[in-house]
Amino acid sequence: MDELRELYQEVIMDHNRNPRNFGEMEHADHAVEGRNPLCGDHYTIYLKMNGDRIEKVSFNGAGCAISKSSASIMSTILKGKTKAEAEKLFDVFHKIVTGELDAAAHMEELGKLAVFAGVAEFPVRVKCATLPWHAMHSALAGSENTVSTEEEN
Ligand code: ZN
């Protein structure tokens with residue numbers, strides 16, 4: 001288990017240092033900003049659609065290693081997925097990081113997302129890991145409003 005944990009840590013640090021699909025997207029179909037005031041994470045998620053399918057994902061912004069690597073891994077995983085597939089994955093991912101589902105039973109479905117299974121042990125980090133997904137979810141729904149993990153006035 002320690003080896004696995006180390007491997008997960010490495011994947012997270014790698015995506016934090018070299019985020020994939022990082023940068024603003026020109027001619028995006030959807031762009032939604034997500035903010036996590038508790039940690040200071042803030043990202044804009046850009047989506048380019050092809051009908052019902054996500055053709056391209058990119059993101060811009062800054063935050064902690066967990067939120068940045070989560071956005072980076074999400075951007076690589078959602079490419080080519082349908083809206084329904086993306087929503088299903090978000091649902092499973094959310095349940096894994098909140099400890100509602102056991103990651104070991106969903107490894108195949110999770111793929112690289114499994115690296116965030118350990119987040120369930122750190123409740124304060126759950127919002128960091130799910131922030132990019134909340135913004136993506138909102139973007140898919142066609143919203144342009146900023147998403148926040150906290151109630152903001
Ligand atoms: Zn964070």
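Both ligands and their constituent atoms are indexed starting at 1 by order of listing. The chain is numbered in sequence order, starting from 1. What you see below is based on every heavy atom in this structure, not just the backbone, and it leaves out hydrogens, waters and symmetry mates.
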* Might you work through the ring-ring contact (aromatic ring centres under 6.0 Å, His included) test for F59 and Y46, ending with a clear yes or no? => CA-CA 6 Å; F59 73 103; Y46 302 91; 9.2 Å; no

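One side chain, E87 or H137, offers a donor N or O that lies under 3.5 Å from an acceptor on the other. Remark: the N21 side chain and the S75 side chain contain an N/O donor-acceptor pair separated by less than 3.5 Å. Side-chain atoms of H15 and S72 include a donor-acceptor pair closer than 3.5 Å.
With hydrogens and angles ignored, the 3.5 Å screen pairs no side-chain donor or acceptor of R35 with any backbone N or O of H42. At least one donor-acceptor pair closer than 3.5 Å links the side chain of T130 to the backbone N or O of V126.
Protein contacts to the Zn ion (ligand 1) involving N, O or S atoms at a distance below 2.8 Å are C39 SG, D41 OD1, D41 OD2, C64 SG, C128 SG.
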